[in-house]
Chemist: 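Take this structure, written in structure tokens, and hold onto it; I'll ask about it next.
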Amino acid sequence: MRKIILLGYMGCGKSTIASSLSKNIKIPFVDLDKKIEEKTNLSINAIFEKHGEIYFRKLEHEVFLELLHSPDELIIGLGGGTPCYANNHELLKGEGVVSIYLKASIETLFQRLAVNKSKRPLLADKSEGEMKEFIAIHLFERSFYYNQAQYNVVVDDKTIHQTVLDIMDLLA
Ligand SMILES: Nc1ncnc2c1ncn2[C@@H]1O[C@H](COP(=O)(O)OP(=O)(O)OP(=O)(O)O)[C@@H](O)[C@H]1O
Ligand SMILES: O=C(O)C1=C[C@@H](O)[C@@H](O)[C@H](O)C1
Ligand SMILES: [Mg+2]
């Protein structure tokens, strides 16, 4: 059954948009980060601290594959880094997959992430100035992978509702 995959940088709105889309089109939403937390009984932060990022990336790949192979129609919200590791980007073009990159500018990401960085291990220790530079470089490095998605939806200056409508247009 079809999998609708939302991807993009931390803070672009994957979890927020996916959960609203799910209510609108009545297809269940699974958040990959949440699924990993449930399976391990650990927060993403704790997994990074206890086991390191490489362990997390392996787990992330396995759980992503598991969701892709599930018999149900699903909306899957990826983690911010998911497409950039373990050749996961190749899975964005698979049969029965609709992949959508939620594209946000550095400024939008900075505004959203500055208020809530503690839950994000890659940002937690950075000052505001460091964070802006980090986001700019990191987004540039990751863009190749994000651009492997079948569709792009720009999210800057749009309400959650407008972004959801844009996605529903793509799916129609
Ligand atoms: N128009 C908007 N669309 C989506 N999210 C928005 C919008 N305006 C503000 N936000 C806020 O941006 C924040 C980041 O959204 P969210 O947590 O859904 O991102 P994410 O892509 O799932 O991030 P992560 O990769 O860290 O899980 C949330 O606090 C959300 O409420
Ligand atoms: O951008 C990233 O690499 C990450 C984003 C989050 O969704 C989590 O998956 C984790 O914090 C790593
Ligand atoms: Mg999220």
Side-chain angles (χ1 to χ4, degrees), residues 4-24 29-40 42-67 74-89 91-92 99-126 131-132 134-149 152-168:
I4 299 165
I5 299 179
L6 300 189
L7 60 124
Y9 201 77
M10 290 176 276
C12 71
K14 298 176 294 292
S15 306
T16 311
I17 300 295
S19 97
S20 171
L21 178 68
S22 166
K23 288 185 193 116
N24 275 276
F29 159 47
V30 184
D31 189 283
L32 183 58
D33 284 335
K34 274 214 187 110
K35 189 87 188 168
I36 294 169
E37 292 184 330
E38 282 163 17
K39 271 184 174 278
T40 56
L42 289 170
S43 68
I44 300 290
N45 260 343
I47 300 172
F48 269 69
E49 265 167 37
K50 274 191 154 179
H51 302 287
E53 183 170 354
I54 294 173
Y55 175 90
F56 172 77
R57 296 303 175 191
K58 283 189 183 154
L59 196 60
E60 181 180 47
H61 177 65
E62 282 163 22
V63 180
F64 183 29
L65 278 181
E66 202 180 293
L67 290 178
L74 290 179
I75 299 170
I76 306 171
L78 297 186
T82 314
C84 318
Y85 295 88
N87 281 335
N88 289 333
H89 67 283
L91 302 170
L92 302 176
S99 52
I100 303 167
Y101 169 28
L102 300 183
K103 192 170 184 175
S105 67
I106 297 165
E107 196 52 45
T108 299
L109 294 170
F110 176 72
Q111 297 297 337
R112 291 192 192 163
L113 292 168
V115 289
N116 188 5
K117 61 179 175 148
S118 61
K119 279 189 287 172
R120 296 172 164 104
L122 299 176
L123 302 174
D125 61 345
K126 299 203 167 27
M131 211 168 100
K132 201 157 196 175
F134 177 81
I135 292 170
I137 295 170
H138 208 203
L139 186 62
F140 177 74
E141 288 168 352
R142 286 182 163 188
S143 291
F144 167 80
Y145 297 98
Y146 294 153
N147 283 316
Q148 303 301 311
N152 276 352
V153 170
V154 173
V155 300
D156 300 314
D157 305 319
K158 283 186 197 158
T159 61
I160 294 168
H161 183 63
Q162 186 56 55
T163 304
V164 169
L165 289 179
D166 289 353
I167 294 173
M168 286 167 65

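Bear in mind that the values here come from a model prediction, so they are computed numbers and not experimental data. All values below were derived from every heavy atom in this structure, side-chain atoms included, with hydrogens, water molecules and symmetry-related copies excluded. Order of listing sets the numbers, starting from 1, for every ligand and every atom in it.
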Chemist: For ligand 1, indicate whether the residue Arg112 contacts it via side chain, backbone, both or neither (heavy-atom separation under 4.0 Å).
Modeler: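 Under 4.0 Å from ligand 1, Arg112 contributes side-chain atoms alone.
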Chemist: Within a distance under 4.0 Å of any heavy atom of Gly79, pick out the atoms of ligand 2 and give their elements.
Modeler: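 So the atoms of ligand 2 that pass are 7 (O), 9 (O).
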Chemist: Mind checking whether Gly80 has an N or O less than 3.5 Å away from an N or O of ligand 2?
Modeler: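 Min N/O separation from ligand 2 is below 3.5 Å for Gly80.
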Chemist: With a 4.0 Å cut-off, strictly under, does atom 29 (O) of ligand 1 pick up any protein heavy atom?
Modeler: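 It does not; no protein heavy atom is within 4.0 Å.
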Chemist: Using 0.5 Å steps for rounding, measure from the CG atom of Leu113 to the NZ atom of Lys132.
Modeler: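 Going from CG on Leu113 over to NZ on Lys132, the span is 12.0 Å.
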Chemist: Does the residue Thr159 have a heavy-atom contact with ligand 1, meaning some pair of atoms that are separated by less than 4.0 Å?
Modeler: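 Distance cut 4.0 Å: Thr159 passes for ligand 1.
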Chemist: In the protein, which heavy atom is nearest to atom 17 (O) of ligand 1, and how far is it?
Modeler: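 Ranking protein heavy atoms by distance from atom 17 (O) of ligand 1, first comes Arg120 NH2, 3.5 Å.
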Chemist: For atom 22 (O) of ligand 1, what is the closest protein heavy atom, and at what distance to 0.1 Å?
Modeler: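 Checked against all protein heavy atoms, atom 22 (O) of ligand 1 sits closest to Ser15 OG, 2.8 Å.
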Chemist: Are any of the side-chain nitrogens in Lys39 or Glu62 under 4.0 Å away from the carboxylate oxygens of its partner?
Modeler: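 No, Lys39 and Glu62 are not salt-bridged.
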Chemist: If you draw a 6.0 Å radius around CG in Asp157, do more than 12 non-hydrogen atoms from other residues or ligands fall strictly inside?
Modeler: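 No.
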Chemist: Looking at every non-hydrogen atom in both residues, tell me the closest pair between Gln111 and Glu107 and how far apart they are.
Modeler: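 What the structure gives for the nearest pair is NE2-OE2, 2.7 Å.
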Chemist: Applying ring-ring contact (aromatic ring centres under 6.0 Å, His included) between Tyr101 and each of Phe144, Tyr9, Tyr146, report the one that passes.
Modeler: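 Exactly one candidate clears the test, Tyr146.
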Chemist: Nearest protein heavy-atom contact for atom 1 (O) of ligand 2: which residue, which atom, what distance?
Modeler: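 Nearest protein contact, heavy atoms only, for atom 1 (O) of ligand 2 is Arg142 NH1, 2.7 Å.
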Chemist: Around atom 6 (C) of ligand 2, find the nearest protein heavy atom and jot down its residue, atom name and distance.
Modeler: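 The answer is Asp33 OD2, 3.4 Å.
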Chemist: Check each of Arg57, His138, Arg120 against atom 12 (C) of ligand 2 and report the one with the nearest heavy atom.
Modeler: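 It is Arg57 that holds the nearest heavy atom.
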Chemist: Closer than 2.8 Å to the Mg ion (ligand 3), do we get an N, O or S atom from Thr16, backbone or side chain?
Modeler: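 No, outside the cut-off.
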Chemist: So among Leu6, Asp31, Asp33, which one has a side-chain contact (heavy atoms from CB on, under 4.5 Å) with Ser15?
Modeler: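 Among the candidates, only Asp31 passes.
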Chemist: Taking it one step at a time, do Asp156 and Thr108 satisfy side-chain hydrogen bond (donor to acceptor under 3.5 Å, both in side chains)?
Modeler: CA-CA 6 Å; Asp156 300 314; Thr108 299; 2.5 Å; yes
Chemist: Nearest protein heavy atom to atom 15 (O) of ligand 1, by residue and atom, and its distance?
Modeler: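 So the nearest neighbour among protein heavy atoms is Thr16 OG1, 3.4 Å.
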Chemist: Do the rings of Phe48 and Phe56 sit parallel, tilted or perpendicular, given the 30° and 60° boundaries?
Modeler: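 Answer is tilted, since the angle falls between 30° and 60°.
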Chemist: Can you tell whether the side chains of Glu60 and Arg57 come within less than 4.0 Å, N to carboxylate O?
Modeler: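 Salt bridge: yes.
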Chemist: Is it the case that over 12 heavy atoms from other parts of the model lie below 6.0 angstrom from the NE2 atom of His51?
Modeler: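 Enclosed: over 12 neighbouring heavy atoms sit under 6.0 Å from NE2 of His51.
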Chemist: Rounded to the nearest 0.5 Å, how far apart are CD of Gln148 and CG of Leu91?
Modeler: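 So the CD of Gln148 and the CG of Leu91 are separated by 11.5 Å.
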Chemist: Quick one: nearest non-hydrogen protein atom to atom 19 (O) of ligand 1, plus distance?
Modeler: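 For this ligand atom, the closest protein heavy atom is Gly13 N, 3.2 Å.
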Chemist: What is the nearest protein non-hydrogen atom to atom 2 (C) of ligand 2, stated with its residue, atom name and distance?
Modeler: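 Closest protein heavy atom to atom 2 (C) of ligand 2: Gly81 N, 3.3 Å.
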Chemist: Compute the minimum heavy-atom distance from Cys12 to ligand 1 and say whether it is under 4.0 Å.
Modeler: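 Judged by the 4.0 Å heavy-atom criterion, Cys12 does count as contacting ligand 1.
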Chemist: Considering only non-hydrogen protein atoms, determine which one is nearest to atom 10 (C) of ligand 2 and report residue, atom name and distance to 0.1 Å.
Modeler: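 Closest protein heavy atom to atom 10 (C) of ligand 2: Ile44 CG2, 3.7 Å.
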Chemist: Backbone, side chain, both or neither: what part of Phe56 comes under 4.0 angstrom of ligand 2, heavy atoms only?
Modeler: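 Phe56 to ligand 2: side-chain contact only, backbone stays beyond 4.0 Å.
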Chemist: Which is it for Leu122 and ligand 2 at heavy atoms under 4.0 Å: side chain, backbone, both or neither?
Modeler: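 Side chain only.
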Chemist: When you look at NZ of Lys126, are more than 12 heavy atoms from neighbouring residues, nucleotides or ligands closer to it than 6.0 Å?
Modeler: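 For Lys126, atom NZ is crowded (more than 12 foreign heavy atoms under 6.0 Å).
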Chemist: What protein heavy atom sits nearest atom 23 (O) of ligand 1, and how far away is it?
Modeler: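 Atom 23 (O) of ligand 1 sits closest to the protein heavy atom Gly11 N, 3.0 Å.
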Chemist: Testing the basics here: between Val164 and Ile17, what is the closest heavy-atom pair and its distance to 0.1 Å?
Modeler: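 Between these two residues, the closest heavy atoms are CG2-O, 4.0 Å.
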Chemist: Can you tell me which residue and heavy atom of the protein come closest to atom 11 (O) of ligand 2, and the distance to 0.1 Å?
Modeler: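 Checked against all protein heavy atoms, atom 11 (O) of ligand 2 sits closest to Pro121 CD, 3.4 Å.
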Chemist: Could you tell me the residue and atom name of the protein heavy atom closest to atom 1 (N) of ligand 1, and the distance to it rounded to 0.1 Å?
Modeler: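 Nearest neighbour among protein heavy atoms for atom 1 (N) of ligand 1, to 0.1 Å: Lys158 O, 2.7 Å.
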Chemist: Which atoms of ligand 1 sit under 4.0 Å from any heavy atom of Ile160?
Modeler: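 Reading through ligand 1 atom by atom, the close ones are 1 (N), 2 (C), 3 (N), 4 (C).
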Chemist: Nearest protein heavy atom to atom 20 (P) of ligand 1, by residue and atom, and its distance?
Modeler: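 It is Lys14 N, 3.5 Å.
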Chemist: Looking only at heavy atoms, which two atoms of Pro83 and Leu92 are closest? And how far apart?
Modeler: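 Heavy-atom minimum between the residues: CB-CD1, 4.2 Å.
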